[in-house]
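The structure appears right after this line, and notes come after that.
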Amino acid sequence: MNADLHPKPLTLLPEQQKKLDQTRFGPGETVAETGSTNTDLLTRADEKGLVLTAQHQTAGRGRLDRTWEAPPGANLLFSVVVQLQAPPERTPLVTPALALALVEALQGLAPAQVKWPNDVLLSSGGKVAGILAQGTPQDPCTVVVGMGCNIGWPPAGQGPPGATSLAAAGASVADPTELLIKILAAFEHQLKMLELINGPELLRQELLKNSATVGQQVRVEQPKGELIGQAVDLEPSGSLVVQNAQGRHVVSTGDVIHLRSV
Ligand code: BT5
């Protein structure tokens with residue numbers, strides 16, 4: 001195998017290592033090129049806490065077999081093996097917990113909000129990050145969760161429809177590893193909160209404060225059809241509540257298109 005395809009230890013500054021040591025995450029590894037960091041960690045799900053970043057993914061994955069695009073070396077691409085110390089029905093909330101962690105990590109750099117169910121949008125507009133969580137067959141409380149965060153790509157007006165990057169918004173990230181450590185520290189904080197007895201409700205409150213979706217007129221696309229209405233609330237389970245003339249609908253999966261603010 002080409003040496004570049006072997007993961008190597010992630011080089012961290014002493015203060016970065018110290019921050020990581022205060023979380024459930026680590027060790028960190030990095031690889032020049034791989035198919036998908038999520039797919040790699042699904043085969044290593046017994047290595048709890050393992051963090052894998054890639055300079056390039058040749059088969060980066062989104063939900064529902066969609067692809068995640070990023071040119072080599074341009075963006076932050078990583079996955080982690082997360083063990084949640086909470087009932088397994090809370091594992092879907094790992095996705096919004098990571099989304100909130102990115103919003104927190106971007107504070108002071110670029111204001112951002114969480115778009116239901118798995119995106120982070122810049123407040124100036126555009127999808128800056130997507131999250132993919134995948135369950136592991138071995139343990140219902142262990143999930144592999146990956147994030148693609150657009151640091152340098154795409155430039156304004158390019159890339160997938162609706163995408164943006166920190167660079168396009170004028171925010172420069174000198175050290176992507178520093179951003180990764182900030183995200184992991186904030187993720188640990190969110191997971192600790194989620195693990196409290198009333199964790200789902202606490203997370204819901206945080207999400208409501210940082211939601212790009214609640215308050216919007218939305219179109220929800222689901223396999224069974226589409227639903228148009230106003231996104232009015234989130235449930236502690238993570239589901240989105242949409243209100244229209246037909247009533248109140250609790251949506252647990254689907255794609256959301258924001259139509260306009262109301
Ligand atoms: C996601 O899926 O947004 C989840 C993306 C997760 C990517 C990370 S990278 C590290 C780890 N390893 C992986 O293999 N995956 C994870 P979804 O909601 O299905 O959105 C996918 C859609 O976003 C695509 O169909 C495109 O339209 C769009 N897209 C693709 N690349 C993008 C990018 N770089 N920025 C913004 N949008 C993008």
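In what follows, every heavy atom counts, from backbone to side chain, and hydrogens, waters and symmetry copies are set aside. Please read these numbers as outputs of a predicted model, since none were measured by experiment. Each ligand, and each atom within it, is numbered from 1 in the order the structure gives.
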Member of Val120, Ile183, Leu121 meeting the side-chain contact (heavy atoms from CB on, under 4.5 Å) criterion with Val103: Val120

For ligand 1, list every N/O pair with the protein closer than 3.5 Å, one pair per line with the distance.
from, atom 1, to, atom 2, distance (Å)
ligand 1, 2 (O), Arg63, N, 3.2
ligand 1, 3 (O), Lys127, NZ, 2.8
ligand 1, 12 (N), Thr37, OG1, 3.1
ligand 1, 12 (N), Gln57, OE1, 2.8
ligand 1, 14 (O), Ser36, OG, 2.7
ligand 1, 14 (O), Arg61, N, 2.7
ligand 1, 15 (N), Arg61, O, 2.8
ligand 1, 18 (O), Arg63, NE, 3.2
ligand 1, 18 (O), Arg63, NH2, 3.2
ligand 1, 18 (O), Asn118, ND2, 3.1
ligand 1, 19 (O), Arg63, N, 2.9
ligand 1, 19 (O), Arg66, NE, 2.8
ligand 1, 19 (O), Arg66, NH2, 3.0
ligand 1, 20 (O), Lys127, NZ, 3.1
ligand 1, 31 (N), Glu69, N, 3.0
ligand 1, 34 (N), Glu69, O, 2.8
ligand 1, 34 (N), Asn150, OD1, 3.1
ligand 1, 35 (N), Asn150, ND2, 2.8

Identify which one of Val114, Val220, Val218 satisfies the side-chain contact (heavy atoms from CB on, under 4.5 Å) criterion when paired with Thr213. Val218

Result of checking Val145, Leu194, Val143 against Thr91 for side-chain contact (heavy atoms from CB on, under 4.5 Å): Val143

Ion pair present between Arg66 and Asp255, side-chain N to carboxylate O less than 4.0 angstrom? yes

Is the count of non-hydrogen atoms from other residues, nucleotides or ligands lying under 6.0 Å from Lys182 atom NZ greater than 12? no

Any chance you could measure Gln217, atom CD, to Asn244, atom CG, to the nearest 0.5 Å? 9.0 Å

